[in-house]
**Student:** 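If you scroll down you'll find the structure; I have some questions about it.
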There are 2 protein chains.
Amino acid sequence: MTSIKKTSVNYENKLQLGSECAQVYAALMLGGQWTLAICCHLAGGKLRFGELRKKIPAITERMLTLQLRKMETNKLIVRKVYAEVPPRVEYELSESGQKLIPILIQLDNWGRQHQEYLQQHA
Amino acid sequence: MTSIKKTSVNYENKLQLGSECAQVYAALMLGGQWTLAICCHLAGGKLRFGELRKKIPAITERMLTLQLRKMETNKLIVRKVYAEVPPRVEYELSESGQKLIPILIQLDNWGRQHQEYLQQHA
DNA sequence: TATGGTACTATCAAAAATGTAAGTATTATG
DNA sequence: CATAATACTTACATTTTTGATAGTACCATA
């Protein structure tokens, strides 16, 4: 199954959660397993499908496609297709996606701090 | 199923993702569907189990328990049990969890901005 | 005519997350 | 003795996400 079922309780919950507070809405936008990883790599500039695949070796083509589609739908990224053969497709952060970068940097710092915190209190 | 299977590819992927960059690690910490919502409510101070349940009406007792347990394991929150009857349990953000608050505020702002961005580019 | 390169898509299966409903332990109070 | 209040736990079902594998379309080039 690739898309969420619009009659499920889970779907209702996600809607409600997203409208409750905006950070939860944000989390829904950023929620895929690979979404943040993709954002990180795109923070350095536009990349082609194949380049992303090389930068994230563990991801399968299917998951990369799915995540990119979702991110495109959510307008985190912009997809540019060039009419060439072999095909060329480039992905880059949208205007709104770029505004995430400083937050990602802070999350990065927090993550490091928290890892230390965990070790100290183990 | 309640806990991740330590022999699965998915588990390997999460480990690898988490060690790749710290913001992805952070996202794993914050990843549950209700985790951020709980953090938001605890940002205002400690709360009892039943209080949290009232503040997040859609959550079930089971999910609230699971999320709180995970957050406790990850040391985002601290759980205090009082030896009383009927029982009393209080949850509050850990020292490290409190450091998330400014980031949550920024995420909140970004979320609002992004909602507008989506509407403008619909 | 066969091959290669790119960015996918389709199908099926497995795993993970979440939801539903019912039950538990404790003791004060009526 | 029955009930109420609180914070859970258990068993099971459903939904959602992710993985594995194979195949497609396009056209330049050998």
Side-chain angles (χ1 to χ4, degrees), chain A residues 1-17 24 27-28 30-38 46-72 77 79-91, chain B residues 1-17 24 27-28 30-38 46-72 77 79-91:
Chain A
M1 241 161 245
T2 331
S3 62
I4 190 167
K5 198 171 172 181
K6 297 198 176 163
T7 56
S8 70
V9 172
N10 192 275
Y11 178 74
E12 294 297 330
N13 279 342
K14 287 196 175 166
L15 278 187
Q16 210 218 326
L17 269 170
V24 177
L28 291 179
L30 306 175
Q33 179 165 209
W34 311 87
T35 301
L36 276 189
I38 294 173
K46 63 179 66 167
L47 288 175
R48 297 179 61 173
F49 184 87
E51 291 173 324
L52 275 171
R53 203 160 59 103
K54 277 173 205 153
K55 295 209 177 225
I56 312 175
I59 202 173
T60 61
E61 295 192 335
R62 181 180 125 85
M63 282 312 296
L64 184 52
T65 303
L66 286 177
Q67 297 283 312
L68 288 171
R69 288 285 182 282
K70 183 184 171 192
M71 295 169 78
E72 192 195 357
I77 58 173
R79 180 172 179 261
K80 279 189 196 160
V81 186
Y82 295 85
E84 300 175 2
V85 168
R88 182 158 66 102
V89 181
E90 285 180 348
Y91 295 92
Chain B
M1 241 160 246
T2 331
S3 63
I4 190 167
K5 199 171 172 181
K6 298 199 175 163
T7 56
S8 69
V9 172
N10 192 274
Y11 179 74
E12 296 295 331
N13 279 342
K14 287 195 175 165
L15 278 187
Q16 208 218 326
L17 269 170
V24 178
L28 292 179
L30 306 176
Q33 180 166 208
W34 311 86
T35 302
L36 276 190
I38 294 172
K46 63 178 66 166
L47 289 174
R48 297 179 61 173
F49 185 87
E51 291 173 323
L52 275 171
R53 204 160 57 103
K54 277 172 205 154
K55 296 208 177 227
I56 312 176
I59 201 172
T60 62
E61 294 192 336
R62 181 181 125 85
M63 281 314 294
L64 183 52
T65 303
L66 286 176
Q67 298 283 312
L68 289 170
R69 288 285 182 282
K70 184 184 171 193
M71 293 168 78
E72 193 195 356
I77 59 174
R79 179 171 180 261
K80 278 187 195 159
V81 185
Y82 295 85
E84 301 175 3
V85 168
R88 181 157 66 102
V89 182
E90 284 179 347
Y91 295 93

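Side-chain atoms are counted along with the backbone in the values below, which use heavy atoms only and exclude waters and symmetry mates. All chains are named by letter (A, B, ...) in the order of the sequence lines, taking the proteins before the strands, and each is independently numbered beginning at 1. Here the structure is a predicted model, which means the values were calculated and not measured.
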**Student:** Could you state the atom-to-atom distance from CG of Leu68(A) to C1' of dT9(C) in whole Å?
**Tutor:** 14 Å
**Student:** Any salt bridge (charged side-chain N to carboxylate O under 4.0 Å, His left out) pairs touching residues 79-88 of chain A, not counting sequence neighbours?
**Tutor:**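 Residue pairs passing salt bridge (charged side-chain N to carboxylate O under 4.0 Å, His left out), neighbours aside: Lys80(A)-Glu92(A), Glu84(A)-Arg88(A), Arg88(A)-Glu90(A).
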**Student:** So, OP1 or OP2 of dC8(C): does either fall under 4.0 Å of a side-chain N or O from Arg69(A)?
**Tutor:**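 Indeed, a polar side-chain atom of Arg69(A) lies that close.
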**Student:** Can you check the Tyr91(B) OH to dT6(D) C1' distance for me, whole Å?
**Tutor:**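 One finds 11 Å between C1' of dT6(D) and OH of Tyr91(B), rounded.
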**Student:** Residues two or more places apart in sequence or in another chain: which of them pass side-chain contact (heavy atoms from CB on, under 4.5 Å) with Glu12(B)?
**Tutor:**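 None.
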**Student:** Give Arg48(A) one of three labels, base, sugar-phosphate or nothing, depending on what nucleic acid heavy atoms sit under 4.0 Å from its own.
**Tutor:** sugar-phosphate
**Student:** Without placing hydrogens or testing angles, list every side-chain donor-acceptor pair under 3.5 Å for residues 47-55 of chain B, not counting sequence neighbours.
**Tutor:**
| from | atom 1 | to | atom 2 | distance (Å) |
| --- | --- | --- | --- | --- |
| Arg48(B) | NH2 | Pro87(B) | O | 3.4 |
| Glu51(B) | OE1 | Arg48(B) | N | 2.6 |
| Arg53(B) | NH1 | Glu61(B) | OE2 | 3.2 |

**Student:** Residues in side chain to side chain donor-acceptor pair (under 3.5 Å) with Thr60(A), at least two apart?
**Tutor:** none
**Student:** May I ask you to verify if any side-chain N or O of Ser8(A) is less than 4.0 angstrom from the OP1 or OP2 atom of dT16(D)?
**Tutor:** yes
**Student:** Could you tell me the separation between the CE atom of Met71(B) and the CG atom of Leu66(B), rounded to the nearest 0.5 Å?
**Tutor:**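 Atom-to-atom, Met71(B):CE and Leu66(B):CG are 12.5 Å apart.
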**Student:** Taking only N and O in the side chain of Arg88(B), is any of them less than 4.0 Å away from OP1 or OP2 of dA5(D)?
**Tutor:**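 Result: no.
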**Student:** I'd like a list of close polar pairs between nucleotides 19-23 of chain C and the protein, N/O only, cut-off under 3.5 Å.
**Tutor:**
| from | atom 1 | to | atom 2 | distance (Å) |
| --- | --- | --- | --- | --- |
| dG19(C) | OP1 | Asn13(A) | ND2 | 2.2 |
| dG19(C) | N7 | Arg62(B) | NE | 3.3 |
| dG19(C) | O6 | Arg62(B) | NE | 3.0 |
| dG19(C) | O6 | Arg62(B) | NH2 | 3.1 |

**Student:** Kindly determine whether Thr65(B) and Arg62(B) satisfy side chain to side chain contact (heavy atoms under 4.5 Å, CB included), including the steps that lead there.
**Tutor:** CA-CA 5 Å; Thr65(B) 303; Arg62(B) 181 181 125 85; 5.8 Å; no
**Student:** How long is the line joining CD of Glu84(B) and C1' of dT6(D), in whole Å?
**Tutor:**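 Going from Glu84(B) (CD) to dT6(D) (C1'), I get 11 Å.
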**Student:** Going by the rule side chain to side chain donor-acceptor pair (under 3.5 Å), which residues pair with Gln67(B) if we only count those two or more places apart in sequence or in a different chain?
**Tutor:** Thr35(B)
**Student:** Which residues pass the side-chain contact (heavy atoms from CB on, under 4.5 Å) test with Ala27(B), sequence neighbours left out?
**Tutor:** Leu36(A)
**Student:** Show your reasoning for whether side chain to side chain contact (heavy atoms under 4.5 Å, CB included) applies to Asn13(A) and Trp34(B).
**Tutor:** CA-CA 10 Å; Asn13(A) 279 342; Trp34(B) 311 86; 3.7 Å; yes
**Student:** To the nearest angstrom, how far is Lys6(B) atom NZ from dA14(C) atom P?
**Tutor:**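 It is 23 Å, rounded to the nearest whole Å.
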**Student:** Between Glu72(B) and Ile77(B), what is the shortest heavy-atom contact and its length?
**Tutor:**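 Of all heavy-atom pairs spanning Glu72(B) and Ile77(B), the closest is N-CG1, 3.7 Å.
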**Student:** Atom NZ of Lys70(A) and atom C1' of dT17(D): how far apart are they, to the nearest Å?
**Tutor:** 10 Å
**Student:** Quick one: does Tyr91(A)'s side chain get under 4.5 Å of Ile38(A)'s, heavy atoms only?
**Tutor:**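 With C-beta onward as the side chain, the pair stays apart.
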**Student:** Whole angstrom is fine here: how far is it from CG in Leu47(B) over to P in dT6(D)?
**Tutor:**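 Distance, rounded to whole Å: 15 Å.
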**Student:** Measure NZ/Lys54(A) against C1'/dT6(C) and give the value in whole Å, please.
**Tutor:** 10 Å
**Student:** For the helix from dT1(C)-dA30(D) to dG30(C)-dC1(D), measure the angle between the helix axis at one end and the axis at the other, each built from five pairs, rounding to 10°.
**Tutor:**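 Overall, the helix from dT1(C)-dA30(D) to dG30(C)-dC1(D) bends by 30° from one end axis to the other.
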**Student:** Whole Å only: how far is the CD1 atom of Ile56(A) from the C1' atom of dA7(C)?
**Tutor:** 16 Å
**Student:** On the nucleotide dT17(D), are OP1 or OP2 found under 4.0 Å from the side-chain N or O atoms that Lys14(A) carries?
**Tutor:**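 Yes, such a contact exists.
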**Student:** Extract from the structure each pairing of a protein N or O with an N or O of nucleotides 28-30 of chain C at less than 3.5 Å, listing the distance.
**Tutor:**
none

**Student:** Compare side-chain N and O positions of Gln67(A) against OP1 and OP2 of dT17(D) and report whether any pair is under 4.0 Å apart.
**Tutor:** no
**Student:** Step by step, work out the side chain to side chain contact (heavy atoms under 4.5 Å, CB included) result for Tyr11(A) and Lys5(A).
**Tutor:** CA-CA 7 Å; Tyr11(A) 178 74; Lys5(A) 198 171 172 181; over 6 Å; no
